[in-house]
Amino acid sequence: MLVKKRVLIIEDEKNIARFMELELQHEGYETNTCQNGREGLEEALTHEWDMILLDLMLPELNGLEVCRRIRQEKDTPILMITARDHIMDRVSGLDLGADDYIVKPFAIEELLARMRAHFRRTKPANGNTEMIVHDDLSVDPKARLVKKGEENIELTKREFDLLYTLLENKDIVLTRDVLLEKVWGYDTDVETNVIDVYIRYLRNKLDIEHKDRYIETVRGTGYVIRT
């Protein structure tokens with residue numbers, strides 16, 4: 001029996017929320033809708049969701065703050081919905097942990113396509129499931145666990161996939177475009193500079209004192225983990 005994917009819609013415009021709800025249910029998703037940021041945050045943290053559709057402009061608690069607080073506790077994929085196509089809105093959302101964004105007004109076909117693309121990328125790069133050991137790091141893709149020595153390193157889904165991709169391609173310099181395609185997907189509209197942001201996140205979590213210890217920057221090209 002096919003289990004329906006569960007999608008939380010956090011959107012204060014009732015007409016838009018209802019439209020998305022009906023379309024998603026028609027496509028076979030199970031949905032719930034919240035119309036303010038506080039209610040949405042509580043629902044996101046209390047229950048398990050396969051994806052969260054999160055409006056940027058919300059009453060009581062705005063979408064950026066909701067995103068930030070969710071990311072402190074969960075790695076649930078978040079697709080940010082914004083009426084403002086400003087680069088800083090998009091960058092802020094991605095920096096705080098959103099996986100993608102879509103700008104109002106949008107066609108429902110585009111929203112559904114973006115959701116399908118995210119669900120296709122739930123497995124580690126290339127579908128591999130072998131544990132990788134590098135220096136004092138051990139990365140288990142089945143359990144999605146990273147250890148540095150005996151210490152567990154908490155990574156978001158995107159950080160994990162980025163690290164695993166670099167380790168799978170050890171000694172191969174991967175360009176930002178290649179990393180974007182492998183980790184975010186070929187049909188994403190995310191800018192390549194998001195790779196630099198996530199590399200910084202990874203370095204901070206893996207080794208604050210020696211940030212280039214594991215991941216080397218190849219100027220003008222991309223990144224590599226060397227044997």
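These numbers were taken from a predicted model, which means no experiment stands behind them. Below, all heavy atoms of this structure are taken into account, side chains as well, without hydrogens, waters or symmetry copies.
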Sequence neighbours excluded, which residues qualify as side-chain hydrogen bond (donor to acceptor under 3.5 Å, both in side chains) partners of Thr76? none
Is it true that Arg158 and Asp75 have a side-chain N and a carboxylate O under 4.0 angstrom from each other? no
If we count only N and O atoms by modelled type, under 3.5 Å, do the side chains of Asp196 and Tyr223 hold a donor and an acceptor together? yes
Between Asp140 and Arg144, does any NZ, NE, NH1 or NH2 come within less than 4.0 Å of an OD or OE carboxylate oxygen? no
Check ring pair (Phe, Tyr, Trp, His ring centres under 6.0 Å) between Tyr201 and all other residues, then give those that pass, not counting sequence neighbours. Tyr198
Do Glu151 and Lys148 sit within salt-bridge range, that is, some charged N less than 4.0 Å from a carboxylate O? no
Look at the aromatic rings of Tyr164 and Phe160 and report parallel, tilted or perpendicular, splitting at 30° and 60°. parallel
If the threshold is 4.0 Å, N to carboxylate O, is there a salt bridge linking Arg38 and Glu42? no
Is there side-chain contact between Leu162 and Leu179, with at least one heavy-atom pair below 4.5 Å? yes
With a 4.0 Å cut-off on N to O distance, would you call Arg226 and Asp171 a salt bridge? no
Please determine if Lys205 and Glu154 form a salt bridge, counting it only when a charged side-chain N lies under 4.0 Å from a carboxylate O. no
Near Gln72 CD, under 6.0 Å, is it more than 12 heavy atoms from other residues, nucleotides or ligands? yes
With the threshold set at 4.0 Å, does a side-chain nitrogen-carboxylate oxygen contact exist between Lys182 and Glu168? no
